[in-house]
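Notes for the one structure printed next.
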Amino acid sequence: SMSDPQCERRGASSSSAGHKAKRARESDDASPTSWSPALKRAEVEFERALEQIVESLDADSRLAFLWRAAGRVATFEADAPQPRCIQPRDAASEEAMEAIRQELRTRMGPRACAPAEEFHFPATGDFDGYTADNTEHVDAFLYDEAELEDLVTEGKLSRHYCAGNAPRDVLPLNFVSHSFSVEQLRFIFSERVLGRGNALKGKTVVDVGSRLGGVLYAAALYTSAKRIIGVETNAFFAETQGDMLSRFGLDNRAQAMHADVRDCADLLHTADVVIMNNVFEFFHDRSQQAGMWTSMRGLLRRSGVLLVTVPAVNESVTRAGAEVDVDAWLEELPIEYPYPHQVALEDASVGASNFHSEALAEQNELFEQIHLYRVR
(Lines give C-alpha, C1' and ligand atoms only; values in the text may rest on other atoms or scores of the structure.)
Protein backbone atom coordinates (compact mmCIF):
# COMPACT_ATOMS: atom_id res chain seq x y z
CA SER A 1 0.00 0.00 0.00
CA MET A 2 1.07 3.56 -0.54
CA SER A 3 -1.05 4.87 2.30
CA ASP A 4 0.07 7.93 4.19
CA PRO A 5 1.54 6.80 7.51
CA GLN A 6 2.20 9.64 9.83
CA CYS A 7 4.37 7.40 11.93
CA GLU A 8 3.15 9.06 15.07
CA ARG A 9 4.05 7.75 18.50
CA ARG A 10 1.06 7.67 20.77
CA GLY A 11 0.20 6.17 24.12
CA ALA A 12 2.15 4.80 27.05
CA SER A 13 5.30 3.98 25.14
CA SER A 14 6.16 7.59 24.46
CA SER A 15 4.82 11.05 25.08
CA SER A 16 6.59 12.15 21.94
CA ALA A 17 4.71 12.22 18.67
CA GLY A 18 7.79 12.97 16.59
CA HIS A 19 11.46 13.68 16.57
CA LYS A 20 11.47 17.16 15.13
CA ALA A 21 10.29 18.70 18.39
CA LYS A 22 13.27 17.30 20.26
CA ARG A 23 15.66 19.20 18.03
CA ALA A 24 13.54 22.32 18.29
CA ARG A 25 13.80 22.29 22.06
CA GLU A 26 17.56 21.88 21.84
CA SER A 27 17.79 25.04 19.74
CA ASP A 28 15.03 27.37 20.85
CA ASP A 29 16.85 30.48 19.67
CA ALA A 30 16.72 29.26 16.07
CA SER A 31 13.06 28.37 16.23
CA PRO A 32 10.69 30.56 14.19
CA THR A 33 8.22 30.15 17.04
CA SER A 34 10.46 31.42 19.85
CA TRP A 35 8.74 33.73 22.29
CA SER A 36 7.90 37.13 20.87
CA PRO A 37 9.02 40.36 22.59
CA ALA A 38 5.47 40.78 23.89
CA LEU A 39 5.50 37.34 25.48
CA LYS A 40 8.92 37.89 26.99
CA ARG A 41 7.79 41.26 28.38
CA ALA A 42 4.65 39.69 29.85
CA GLU A 43 6.73 36.98 31.50
CA VAL A 44 9.07 39.52 33.11
CA GLU A 45 6.15 41.62 34.36
CA PHE A 46 4.37 38.57 35.75
CA GLU A 47 7.48 37.35 37.59
CA ARG A 48 8.13 40.80 39.02
CA ALA A 49 4.55 41.13 40.29
CA LEU A 50 4.54 37.61 41.71
CA GLU A 51 7.85 38.17 43.48
CA GLN A 52 6.55 41.37 45.08
CA ILE A 53 3.42 39.62 46.34
CA VAL A 54 5.34 36.67 47.74
CA GLU A 55 7.84 38.93 49.51
CA SER A 56 4.96 40.85 51.11
CA LEU A 57 3.68 37.68 52.80
CA ASP A 58 5.00 36.15 56.00
CA ALA A 59 7.06 33.01 55.58
CA ASP A 60 4.29 30.67 56.80
CA SER A 61 1.83 31.95 54.15
CA ARG A 62 4.01 31.88 51.06
CA LEU A 63 3.75 28.21 50.13
CA ALA A 64 -0.01 28.14 50.62
CA PHE A 65 -0.38 31.22 48.43
CA LEU A 66 1.81 29.78 45.69
CA TRP A 67 -0.22 26.58 45.65
CA ARG A 68 -3.39 28.61 45.32
CA ALA A 69 -1.82 30.80 42.61
CA ALA A 70 -0.71 27.72 40.68
CA GLY A 71 -4.29 26.50 40.73
CA ARG A 72 -5.52 29.79 39.33
CA VAL A 73 -2.91 29.66 36.56
CA ALA A 74 -4.03 26.12 35.72
CA THR A 75 -7.64 27.36 35.49
CA PHE A 76 -6.66 30.15 33.09
CA GLU A 77 -4.64 27.65 31.07
CA ALA A 78 -7.61 25.27 30.79
CA ASP A 79 -9.91 28.10 29.70
CA ALA A 80 -7.51 29.62 27.15
CA PRO A 81 -8.60 29.17 23.52
CA GLN A 82 -6.52 27.19 21.05
CA PRO A 83 -4.38 29.14 18.60
CA ARG A 84 -6.52 30.31 15.68
CA CYS A 85 -4.67 28.12 13.21
CA ILE A 86 -5.99 24.91 14.81
CA GLN A 87 -9.38 26.11 16.03
CA PRO A 88 -12.52 24.50 14.60
CA ARG A 89 -13.81 26.14 11.43
CA ASP A 90 -17.40 27.04 10.62
CA ALA A 91 -20.08 24.88 12.21
CA ALA A 92 -21.25 23.27 8.97
CA SER A 93 -17.73 22.15 8.01
CA GLU A 94 -16.99 20.76 11.45
CA GLU A 95 -20.33 18.94 11.62
CA ALA A 96 -19.59 17.32 8.27
CA MET A 97 -16.07 16.39 9.36
CA GLU A 98 -17.35 14.79 12.56
CA ALA A 99 -20.02 12.88 10.65
CA ILE A 100 -17.34 11.54 8.27
CA ARG A 101 -15.15 10.49 11.18
CA GLN A 102 -18.06 8.77 12.91
CA GLU A 103 -19.02 6.87 9.75
CA LEU A 104 -15.43 5.74 9.25
CA ARG A 105 -15.12 4.67 12.91
CA THR A 106 -18.19 2.49 12.44
CA ARG A 107 -16.82 0.98 9.23
CA MET A 108 -13.17 0.61 10.16
CA GLY A 109 -12.85 0.21 13.92
CA PRO A 110 -9.97 1.77 15.87
CA ARG A 111 -7.13 0.19 13.88
CA ALA A 112 -8.50 1.32 10.50
CA CYS A 113 -6.39 -1.13 8.48
CA ALA A 114 -7.29 -2.64 5.13
CA PRO A 115 -7.97 -6.38 4.88
CA ALA A 116 -4.69 -8.31 4.77
CA GLU A 117 -2.71 -5.05 4.93
CA GLU A 118 0.99 -5.62 5.49
CA PHE A 119 3.51 -3.26 7.07
CA HIS A 120 7.27 -2.87 6.75
CA PHE A 121 8.57 -1.80 10.13
CA PRO A 122 11.54 0.58 9.76
CA ALA A 123 14.77 -0.73 11.24
CA THR A 124 16.25 2.71 11.88
CA GLY A 125 15.33 6.06 13.36
CA ASP A 126 12.48 6.61 15.78
CA PHE A 127 10.87 3.31 14.85
CA ASP A 128 13.85 1.03 15.41
CA GLY A 129 12.59 -1.94 17.40
CA TYR A 130 8.96 -1.58 16.35
CA THR A 131 7.45 -4.96 15.41
CA ALA A 132 4.04 -6.42 14.69
CA ASP A 133 3.99 -7.72 18.28
CA ASN A 134 4.72 -4.42 20.07
CA THR A 135 2.96 -1.94 17.79
CA GLU A 136 -0.69 -0.96 17.68
CA HIS A 137 -2.16 0.92 14.71
CA VAL A 138 -4.74 3.54 15.71
CA ASP A 139 -5.76 6.13 13.14
CA ALA A 140 -5.29 9.71 14.39
CA PHE A 141 -7.85 11.06 11.93
CA LEU A 142 -10.51 8.93 13.60
CA TYR A 143 -9.36 9.11 17.22
CA ASP A 144 -7.69 11.99 19.02
CA GLU A 145 -5.85 11.45 22.31
CA ALA A 146 -8.99 11.77 24.46
CA GLU A 147 -10.89 9.36 22.21
CA LEU A 148 -7.95 6.95 22.27
CA GLU A 149 -8.03 7.02 26.06
CA ASP A 150 -11.76 6.23 25.91
CA LEU A 151 -10.99 3.13 23.84
CA VAL A 152 -8.52 1.99 26.48
CA THR A 153 -10.97 2.69 29.32
CA GLU A 154 -13.68 0.74 27.50
CA GLY A 155 -11.34 -2.22 27.07
CA LYS A 156 -11.33 -1.97 23.27
CA LEU A 157 -7.60 -1.34 23.20
CA SER A 158 -4.73 -2.00 25.57
CA ARG A 159 -1.66 0.13 26.14
CA HIS A 160 0.47 -2.91 27.03
CA TYR A 161 1.38 -6.31 25.68
CA CYS A 162 2.85 -9.51 27.11
CA ALA A 163 6.48 -9.81 26.02
CA GLY A 164 7.12 -13.20 27.64
CA ASN A 165 5.83 -15.84 29.99
CA ALA A 166 6.64 -14.20 33.31
CA PRO A 167 3.93 -12.07 34.96
CA ARG A 168 6.19 -9.07 34.86
CA ASP A 169 6.97 -9.38 31.16
CA VAL A 170 4.39 -6.73 30.33
CA LEU A 171 5.64 -3.79 28.26
CA PRO A 172 4.04 -0.66 26.81
CA LEU A 173 2.80 -0.83 23.24
CA ASN A 174 3.94 1.57 20.55
CA PHE A 175 0.95 3.39 19.06
CA VAL A 176 1.34 4.37 15.40
CA SER A 177 -1.00 6.40 13.22
CA HIS A 178 -1.01 6.47 9.44
CA SER A 179 -3.06 9.65 9.05
CA PHE A 180 -3.06 13.31 10.02
CA SER A 181 -5.22 14.25 12.99
CA VAL A 182 -8.03 16.76 12.47
CA GLU A 183 -5.99 19.43 14.31
CA GLN A 184 -3.06 18.83 11.97
CA LEU A 185 -5.36 19.14 8.97
CA ARG A 186 -6.75 22.42 10.26
CA PHE A 187 -3.17 23.60 10.69
CA ILE A 188 -2.11 22.57 7.18
CA PHE A 189 -5.09 24.39 5.68
CA SER A 190 -4.51 27.54 7.74
CA GLU A 191 -2.65 30.79 7.16
CA ARG A 192 0.41 29.21 8.81
CA VAL A 193 0.97 26.66 6.02
CA LEU A 194 -1.15 26.56 2.84
CA GLY A 195 -3.70 29.23 3.68
CA ARG A 196 -7.36 28.96 4.57
CA GLY A 197 -10.58 29.66 2.71
CA ASN A 198 -9.93 31.15 -0.73
CA ALA A 199 -6.14 30.87 -0.56
CA LEU A 200 -6.31 27.71 -2.72
CA LYS A 201 -9.14 28.89 -4.97
CA GLY A 202 -8.70 27.47 -8.45
CA LYS A 203 -5.81 25.22 -7.32
CA THR A 204 -5.28 21.48 -7.60
CA VAL A 205 -4.36 19.61 -4.41
CA VAL A 206 -2.97 16.08 -4.64
CA ASP A 207 -2.59 13.77 -1.65
CA VAL A 208 -0.15 10.94 -2.32
CA GLY A 209 -1.19 7.89 -0.33
CA SER A 210 -4.60 9.19 0.70
CA ARG A 211 -5.61 6.17 2.81
CA LEU A 212 -8.93 7.01 4.56
CA GLY A 213 -9.17 10.37 2.77
CA GLY A 214 -8.65 12.77 5.67
CA VAL A 215 -6.73 15.27 3.52
CA LEU A 216 -9.43 15.13 0.83
CA TYR A 217 -12.26 15.83 3.26
CA ALA A 218 -10.34 18.64 4.95
CA ALA A 219 -9.37 20.30 1.65
CA ALA A 220 -12.97 20.07 0.44
CA LEU A 221 -14.46 21.43 3.68
CA TYR A 222 -11.81 23.98 4.68
CA THR A 223 -10.68 25.42 1.33
CA SER A 224 -11.92 26.53 -2.09
CA ALA A 225 -9.49 24.31 -4.01
CA LYS A 226 -10.83 23.51 -7.47
CA ARG A 227 -9.59 19.90 -7.71
CA ILE A 228 -8.67 17.59 -4.82
CA ILE A 229 -7.23 14.23 -5.83
CA GLY A 230 -6.16 11.34 -3.63
CA VAL A 231 -3.77 8.80 -5.12
CA GLU A 232 -3.96 5.44 -3.34
CA THR A 233 -2.59 2.04 -4.41
CA ASN A 234 -4.73 0.08 -1.97
CA ALA A 235 -8.02 -0.73 -3.71
CA PHE A 236 -9.94 -1.07 -0.43
CA PHE A 237 -8.94 2.41 0.73
CA ALA A 238 -9.51 3.98 -2.69
CA GLU A 239 -13.04 2.51 -2.79
CA THR A 240 -13.73 3.64 0.78
CA GLN A 241 -12.70 7.21 -0.02
CA GLY A 242 -14.81 7.32 -3.16
CA ASP A 243 -17.85 6.10 -1.27
CA MET A 244 -17.36 8.63 1.53
CA LEU A 245 -16.88 11.52 -0.88
CA SER A 246 -20.08 10.60 -2.68
CA ARG A 247 -22.04 9.96 0.52
CA PHE A 248 -21.17 13.38 1.94
CA GLY A 249 -21.57 15.33 -1.30
CA LEU A 250 -17.88 16.18 -1.72
CA ASP A 251 -17.29 14.37 -5.00
CA ASN A 252 -17.94 17.47 -7.09
CA ARG A 253 -14.41 18.67 -6.32
CA ALA A 254 -12.68 15.68 -4.68
CA GLN A 255 -11.97 12.20 -5.97
CA ALA A 256 -9.85 9.18 -5.11
CA MET A 257 -7.73 7.43 -7.73
CA HIS A 258 -6.72 3.80 -7.37
CA ALA A 259 -3.25 4.16 -8.86
CA ASP A 260 0.47 4.11 -8.27
CA VAL A 261 1.75 7.69 -8.09
CA ARG A 262 4.54 6.79 -10.50
CA ASP A 263 1.85 6.31 -13.15
CA CYS A 264 0.34 9.75 -12.48
CA ALA A 265 2.79 12.01 -14.29
CA ASP A 266 0.07 14.11 -15.94
CA LEU A 267 -1.65 14.68 -12.61
CA LEU A 268 1.53 15.72 -10.81
CA HIS A 269 2.50 18.03 -13.66
CA THR A 270 -0.76 19.97 -13.12
CA ALA A 271 -0.75 19.91 -9.30
CA ASP A 272 -0.32 23.14 -7.35
CA VAL A 273 -0.03 21.45 -3.94
CA VAL A 274 1.20 17.92 -3.19
CA ILE A 275 0.86 16.39 0.26
CA MET A 276 2.90 13.36 1.36
CA ASN A 277 2.43 12.06 4.88
CA ASN A 278 5.34 9.61 5.11
CA VAL A 279 3.81 7.53 2.37
CA PHE A 280 6.61 5.05 1.78
CA GLU A 281 8.36 4.12 5.03
CA PHE A 282 5.84 1.66 6.52
CA PHE A 283 4.72 0.24 3.18
CA HIS A 284 7.87 -0.43 1.16
CA ASP A 285 11.29 -1.86 1.89
CA ARG A 286 14.28 0.46 1.85
CA SER A 287 15.31 -0.17 -1.76
CA GLN A 288 11.74 0.40 -2.95
CA GLN A 289 11.60 3.63 -0.97
CA ALA A 290 14.77 4.84 -2.70
CA GLY A 291 13.18 4.15 -6.07
CA MET A 292 9.99 5.94 -5.09
CA TRP A 293 11.86 9.08 -4.05
CA THR A 294 13.91 9.04 -7.24
CA SER A 295 10.66 8.83 -9.20
CA MET A 296 9.09 11.66 -7.21
CA ARG A 297 12.11 13.84 -7.95
CA GLY A 298 11.52 13.31 -11.66
CA LEU A 299 7.74 13.69 -11.56
CA LEU A 300 7.47 16.71 -9.27
CA ARG A 301 9.53 19.27 -11.11
CA ARG A 302 7.24 22.18 -12.06
CA SER A 303 8.69 25.29 -10.41
CA GLY A 304 6.53 26.83 -7.70
CA VAL A 305 4.58 23.70 -6.72
CA LEU A 306 4.12 23.49 -2.95
CA LEU A 307 4.96 20.25 -1.19
CA VAL A 308 3.81 19.39 2.36
CA THR A 309 5.54 16.40 3.94
CA VAL A 310 5.90 14.42 7.14
CA PRO A 311 8.72 14.09 8.04
CA ALA A 312 11.30 16.37 6.39
CA VAL A 313 12.16 15.21 2.88
CA ASN A 314 15.87 15.10 3.77
CA GLU A 315 15.12 12.60 6.52
CA SER A 316 13.03 10.36 4.30
CA VAL A 317 15.54 10.44 1.45
CA THR A 318 18.45 9.71 3.77
CA ARG A 319 16.69 6.79 5.45
CA ALA A 320 15.78 5.35 2.07
CA GLY A 321 19.34 5.75 0.77
CA ALA A 322 18.03 7.55 -2.30
CA GLU A 323 20.44 9.55 -4.44
CA VAL A 324 18.33 12.70 -4.55
CA ASP A 325 19.78 16.19 -4.13
CA VAL A 326 16.98 17.63 -2.04
CA ASP A 327 18.46 21.13 -1.77
CA ALA A 328 18.71 21.42 -5.55
CA TRP A 329 15.14 20.19 -5.91
CA LEU A 330 13.25 21.93 -3.09
CA GLU A 331 13.34 25.15 -1.10
CA GLU A 332 12.07 24.68 2.45
CA LEU A 333 9.71 27.45 3.55
CA PRO A 334 9.38 28.56 7.18
CA ILE A 335 6.35 27.51 9.20
CA GLU A 336 5.15 29.28 12.32
CA TYR A 337 3.95 26.49 14.58
CA PRO A 338 0.91 26.95 16.84
CA TYR A 339 2.69 27.22 20.18
CA PRO A 340 5.81 29.31 20.85
CA HIS A 341 8.96 27.89 22.35
CA GLN A 342 10.16 29.59 25.49
CA VAL A 343 13.87 30.30 25.49
CA ALA A 344 15.18 28.74 28.69
CA LEU A 345 16.14 31.30 31.32
CA GLU A 346 19.84 31.15 32.11
CA ASP A 347 19.27 31.67 35.82
CA ALA A 348 16.05 29.67 36.10
CA SER A 349 15.91 28.25 39.57
CA VAL A 350 12.25 27.29 39.60
CA GLY A 351 11.53 23.92 38.02
CA ALA A 352 8.07 24.99 36.93
CA SER A 353 9.51 27.42 34.39
CA ASN A 354 11.31 24.64 32.55
CA PHE A 355 8.37 22.30 33.06
CA HIS A 356 5.94 24.61 31.34
CA SER A 357 8.45 25.37 28.59
CA GLU A 358 8.59 21.62 27.92
CA ALA A 359 4.80 21.43 28.00
CA LEU A 360 4.55 24.11 25.31
CA ALA A 361 7.09 22.25 23.20
CA GLU A 362 5.17 19.00 23.56
CA GLN A 363 2.04 20.75 22.31
CA ASN A 364 3.94 21.48 19.11
CA GLU A 365 5.32 18.00 18.51
CA LEU A 366 2.55 16.87 16.20
CA PHE A 367 2.85 20.05 14.16
CA GLU A 368 6.64 20.23 13.94
CA GLN A 369 6.68 17.02 11.93
CA ILE A 370 5.04 18.99 9.13
CA HIS A 371 7.34 20.63 6.55
CA LEU A 372 6.57 22.96 3.67
CA TYR A 373 8.60 23.17 0.47
CA ARG A 374 8.49 24.89 -2.89
CA VAL A 375 9.84 23.19 -6.01
CA ARG A 376 12.72 25.29 -7.35
Side-chain angles (χ1 to χ4, degrees), residues 3-18 21 74-75 77-83 86-89 91-115 117 119 127 130 132-163 170-188 211-215 217-218 221-222 237 240-241 244 247-248 277 282 310 338-339 358-360 362-367 369:
S3 306
D4 56 335
Q6 181 173 335
C7 303
E8 169 195 345
R9 296 184 176 189
R10 302 173 69 179
S13 62
S14 174
S15 62
S16 170
T75 299
E77 181 180 1
D79 293 341
Q82 292 176 310
I86 58 174
Q87 286 179 7
R89 305 300 170 80
S93 295
E94 293 300 339
E95 287 172 8
M97 182 67 86
E98 183 54 34
I100 291 169
R101 293 175 71 228
Q102 186 57 51
E103 173 66 20
L104 285 170
R105 288 190 199 111
T106 301
R107 292 189 183 199
M108 304 294 301
R111 293 171 180 84
C113 295
E117 186 172 16
F119 299 98
F127 303 100
Y130 281 38
D133 292 329
N134 66 20
T135 303
E136 185 68 275
H137 303 268
V138 179
D139 197 276
F141 176 66
L142 303 187
Y143 297 92
D144 61 23
E145 288 296 332
E147 291 160 340
L148 172 60
E149 190 58 40
D150 288 342
L151 292 175
V152 174
T153 301
E154 295 166 5
K156 296 178 180 178
L157 284 178
S158 174
R159 289 193 180 276
H160 298 82
Y161 75 104
C162 182
V170 177
L171 299 175
L173 281 165
N174 303 300
F175 279 66
V176 175
S177 172
H178 303 293
S179 299
F180 288 118
S181 69
V182 174
E183 280 195 349
Q184 287 175 308
L185 291 169
R186 290 179 189 144
F187 179 63
I188 289 170
R211 200 169 178 87
L212 293 180
V215 170
Y217 315 133
L221 293 169
Y222 298 156
F237 284 131
T240 298
Q241 293 170 62
M244 295 296 291
R247 178 182 292 258
F248 288 92
N277 185 3
F282 265 67
V310 169
Y339 299 95
E358 287 288 300
L360 280 172
E362 287 180 5
Q363 291 280 1
N364 262 341
E365 286 184 352
L366 288 179
F367 304 103
Q369 300 176 71

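Keep in mind that the numbers below use all heavy atoms, side chains included, and drop hydrogens, waters and symmetry copies. Count residues from 1 along the sequence. None of the values given here were measured: they were computed from a predicted structure.
- The shortest non-hydrogen separation linking Ala114 to Phe237 is N-CZ, 3.5 Å.
- With contacts defined as side-chain heavy-atom distances shorter than 4.5 Å, the pair Glu145/Ser181 does not qualify.
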side-chain hydrogen bond (donor to acceptor under 3.5 Å, both in side chains) between Tyr222 and Glu94, intermediate numbers included: CA-CA 9 Å; Tyr222 298 156; Glu94 293 300 339; 3.0 Å; yes
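- Minimum heavy-atom separation, Pro83 to Pro338: CG-O, 3.6 Å.
- Residues Arg186 and Gln87 fail the side-chain proximity criterion, which asks for heavy atoms closer than 4.5 Å.
- Of the inter-residue distances, the one linking Glu117 atom CD with Phe282 atom CZ reads 11.5 Å to the nearest 0.5 angstrom.
- In terms of heavy atoms, Pro88 sits closest to Gln82 at CD-OE1, 3.8 Å.
- Aromatic ring pairs are classed by plane angle as parallel below 30°, tilted from 30° to 60° and perpendicular above 60°; the pair Phe187 and Phe367 is perpendicular.
- Arg107 has its side chain out of reach of Gln102: every pair of non-hydrogen atoms, C-beta onward, lies at least 4.5 Å apart.
- Once rounded to the nearest 0.5 Å, the distance linking NE2 of His160 with CD of Glu136 reads 13.0 Å.
- Rounding to the nearest 0.5 Å places CG of Leu142 at 10.0 Å from CG of Leu151.
- Contact check for Glu365 versus Tyr339: no side-chain heavy atoms found under the 4.5 Å cut-off.
- Under a 3.5 Å cut-off, the side chain of Tyr217 and the backbone N or O of Arg101 do not form any donor-acceptor pair.
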Would you sort out whether Glu95 and Ile100 count as a side chain to side chain contact (heavy atoms under 4.5 Å, CB included), showing the intermediate values? CA-CA 9 Å; Glu95 287 172 8; Ile100 291 169; over 6 Å; no
Please determine whether ring pair (Phe, Tyr, Trp, His ring centres under 6.0 Å) holds for the pair Phe119 and His178, giving the CA-CA distance in whole Å, both sets of side-chain angles, and the decisive distance to 0.1 Å. CA-CA 11 Å; Phe119 299 98; His178 303 293; 5.0 Å; yes
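- A 4.5 Å side-chain heavy-atom check between Arg111 and Leu157 finds at least one atom pair inside the cut-off.
- The closest side-chain heavy-atom distance from Val170 to Tyr161 is not below 4.5 Å.
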Evaluate side chain to side chain contact (heavy atoms under 4.5 Å, CB included) for Gln369 paired with Val310, printing each intermediate quantity in order. CA-CA 6 Å; Gln369 300 176 71; Val310 169; 3.9 Å; yes
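- Side chains of Glu149 and Tyr143 form no contact here, defined as non-hydrogen atoms less than 4.5 Å apart.
- At distances below 3.5 Å, at least one donor-acceptor pair connects side-chain atoms of Glu147 with backbone N or O atoms of Asp144.
- Between Leu185 and Gly214, the shortest heavy-atom contact is CD1-O, 3.5 Å.
- Side-chain contact check for Thr135 versus Phe127: every heavy-atom pair is 4.5 Å or farther apart.
- Between the CD atom of Gln184 and the OG atom of Ser177 there is a distance of 8.0 Å, given to the nearest 0.5 Å.
- Taking CZ of Arg211 as the reference point, atom CG of Asn277 lies at 10.5 Å (rounded to 0.5 Å).
- Glu98 has a carboxylate O that lies under 4.0 Å from a charged side-chain N of Arg105, or vice versa, which qualifies the two as a salt bridge.
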Going through the checks in order, is the side chain to side chain contact (heavy atoms under 4.5 Å, CB included) test met by Phe248 and Met97? CA-CA 9 Å; Phe248 288 92; Met97 182 67 86; over 6 Å; no
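- Here CG of Leu104 is found 8.5 Å from CG of Asp139. Values are rounded to the nearest 0.5 Å.
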